[in-house]
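Quick notes on the structure that follows.
The chains referred to below are lettered A, B, ... by the order of the sequence lines, with proteins before strands, and numbering in each begins at 1.
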Amino acid sequence: MIAGRDSEPTTTGGHAYVPRSFFDRPVLDVAPDLLGRILVRTTPGSRMQLRITEVEAYAGEADPGSHAYRGKTARNASMFGPPGHAYVYFIYGMWWSLNLVCGPEGQASGVLLRGGEVIQGEEEARQRRPKARRDTELAKGPARLATALAVDRTLNGADLCTRDETAPLSLLAGQPGPSTAIRSGPRTGVGGDGAHHPWRFWLDGDPTVSPYRPHKPRHRKPGLDATQVTT
DNA sequence: CGTGTGATTAACT
DNA sequence: GTTAATCACACGT
């Protein structure tokens with residue numbers, strides 16, 4: 001392996017990982033290409049593998065559904081960094097979500113990992129997700145996926161394309177194409193101007209794909225009515 | 001639980 | 001008059 005080149009797969013511990021050029025493409029090319037691929041999660045105590053079955057593309061500052069829509073902030077800064085890194089955010093005061101930053105750099109685009117099949121490390125996943133009734137539920141949904149893989153803010157900005165053997169996240173190279181058809185549709189919970197884009201991608205019929213939840217229009221919480229003010 | 005947002009207040013020229 | 005700092009709150013790709 002030639003140091004300094006990223007056109008060749010990187011190798012760590014005998015496994016080949018996708019090079020940064022995999023992520024340095026338009027997000028709508030990368031997102032469906034992630035389906036069926038193996039995400040490797042390495043912790044000090046374990047090595048897990050997840051077969052990705054469901055993703056959503058977020059197309060940067062031009063996409064009303066994206067965290068990057070209103071420009072760079074402290075939270076979304078990693079989306080504005082180079083491709084091949086993780087963007088991890090906290091949501092609902094409870095859960096983490098894992099995104100993979102795509103190129104080209106400066107567009108702040110990323111792919112949200114929404115579902116997958118745990119194919120290695122089921123024990124660890126089950127310890128973290130004791131309520132999962134079936135193995136297909138271990139990483140079915142973005143928050144479940146993050147929980148199963150022990151994703152938290154310490155992974156925000158993590159580089160998937162490093163040769164470091166202790167790299168927390170990587171993506172296996174040389175995977176065969178998806179065994180089932182790729183389907184696409186509107187993104188879960190995205191409304192407004194970004195609602196109609198079919199930027200959610202999943203493997204048809206896979207039991208680890210989360211159920212589609214249409215965008216729920218939010219209405220403003222009613223303020224105090226004058227008639228309610230009695231004294 | 002954090003974040004972004006709009007409203008409100010303060011600071012400054 | 002304009003901009004910056006502060007506050008409160010709705011809502012969560």
Side-chain angles (χ1 to χ4, degrees), chain A residues 23 25-35 39 52-81 83-103 105-116 128 139-158 160 169 183-202 208-226 228-229:
Chain A
F23 296 102
R25 293 181 288 154
V27 66
L28 291 179
D29 293 342
V30 178
D33 202 1
L34 283 167
L35 295 175
L39 182 74
I52 298 168
T53 60
E54 181 192 358
V55 300
E56 277 177 3
Y58 288 88
E61 292 179 272
D63 176 6
S66 170
H67 281 175
Y69 182 53
R70 296 169 200 281
K72 187 177 180 179
T73 68
R75 174 167 72 149
N76 65 21
S78 55
M79 279 188 95
F80 287 79
H85 290 245
Y87 166 47
V88 176
Y89 66 90
F90 192 54
I91 191 148
Y92 300 158
M94 288 173 270
W95 299 315
W96 298 96
S97 290
L98 173 62
N99 299 251
L100 305 183
V101 178
C102 297
E105 187 170 357
Q107 291 201 357
S109 57
V111 179
L112 170 65
L113 303 186
R114 294 191 50 90
R128 298 177 189 126
K140 183 181 192 164
R144 291 167 167 182
L145 187 154
T147 301
L149 295 182
V151 170
D152 62 20
R153 66 157 29 106
T154 64
L155 265 64
N156 188 31
L160 280 81
L169 284 175
R183 309 240 1 237
S184 66
R187 293 174 294 183
T188 297
V190 172
D193 294 336
H196 67 280
H197 299 300
W199 290 350
R200 172 176 175 252
F201 302 92
W202 67 95
T208 65
V209 173
S210 67
Y212 174 67
R213 180 176 54 81
H215 173 66
K216 184 179 180 182
R218 308 277 168 178
H219 60 279
R220 283 196 162 277
K221 187 178 181 180
L224 258 191
D225 188 283
Q228 294 176 272
V229 181

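For A/F90, the side-chain contact (heavy atoms from CB on, under 4.5 Å) partners two or more places apart in sequence, or in a different chain, are A/W96. Residues satisfying the side-chain hydrogen bond (donor to acceptor under 3.5 Å, both in side chains) criterion with A/T53, sequence neighbours excluded, are A/T208. Under the rule for a ring pair (Phe, Tyr, Trp, His ring centres under 6.0 Å), A/W202 has no partner lying at least two apart in sequence or in another chain. Residues satisfying the side-chain contact (heavy atoms from CB on, under 4.5 Å) test with A/A158, not counting sequence neighbours, are A/A86, A/P168.
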What N/O pairs connect the protein and nucleotides 1-4 of chain B at under 3.5 Å? Give each pair on its own line.
{"from": "B/dC1", "atom 1": "O4'", "to": "A/G93", "atom 2": "O", "distance (Å)": "3.3"}
{"from": "B/dG4", "atom 1": "OP1", "to": "A/T73", "atom 2": "OG1", "distance (Å)": "2.5"}

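Among the atoms of the strands shown, base atoms are found under 4.0 Å from some heavy atom of A/N99.
Between the CH2 atom of A/W96 and the P atom of C/dG12 there is a distance of 19 Å, rounded to whole Å.
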Which side-chain N or O atoms in residues 55-64 of chain A pair as donor and acceptor under 3.5 Å with protein atoms at least two apart or in another chain?
{"from": "A/E56", "atom 1": "OE1", "to": "A/Y58", "atom 2": "OH", "distance (Å)": "2.6"}
{"from": "A/E56", "atom 1": "OE2", "to": "A/T188", "atom 2": "N", "distance (Å)": "2.6"}
{"from": "A/E56", "atom 1": "OE2", "to": "A/T188", "atom 2": "OG1", "distance (Å)": "3.4"}
{"from": "A/D63", "atom 1": "OD1", "to": "A/G65", "atom 2": "N", "distance (Å)": "2.9"}
{"from": "A/D63", "atom 1": "OD1", "to": "A/R187", "atom 2": "NH2", "distance (Å)": "3.0"}
{"from": "A/D63", "atom 1": "OD2", "to": "A/A59", "atom 2": "N", "distance (Å)": "3.0"}
{"from": "A/D63", "atom 1": "OD2", "to": "A/R187", "atom 2": "NH1", "distance (Å)": "2.6"}

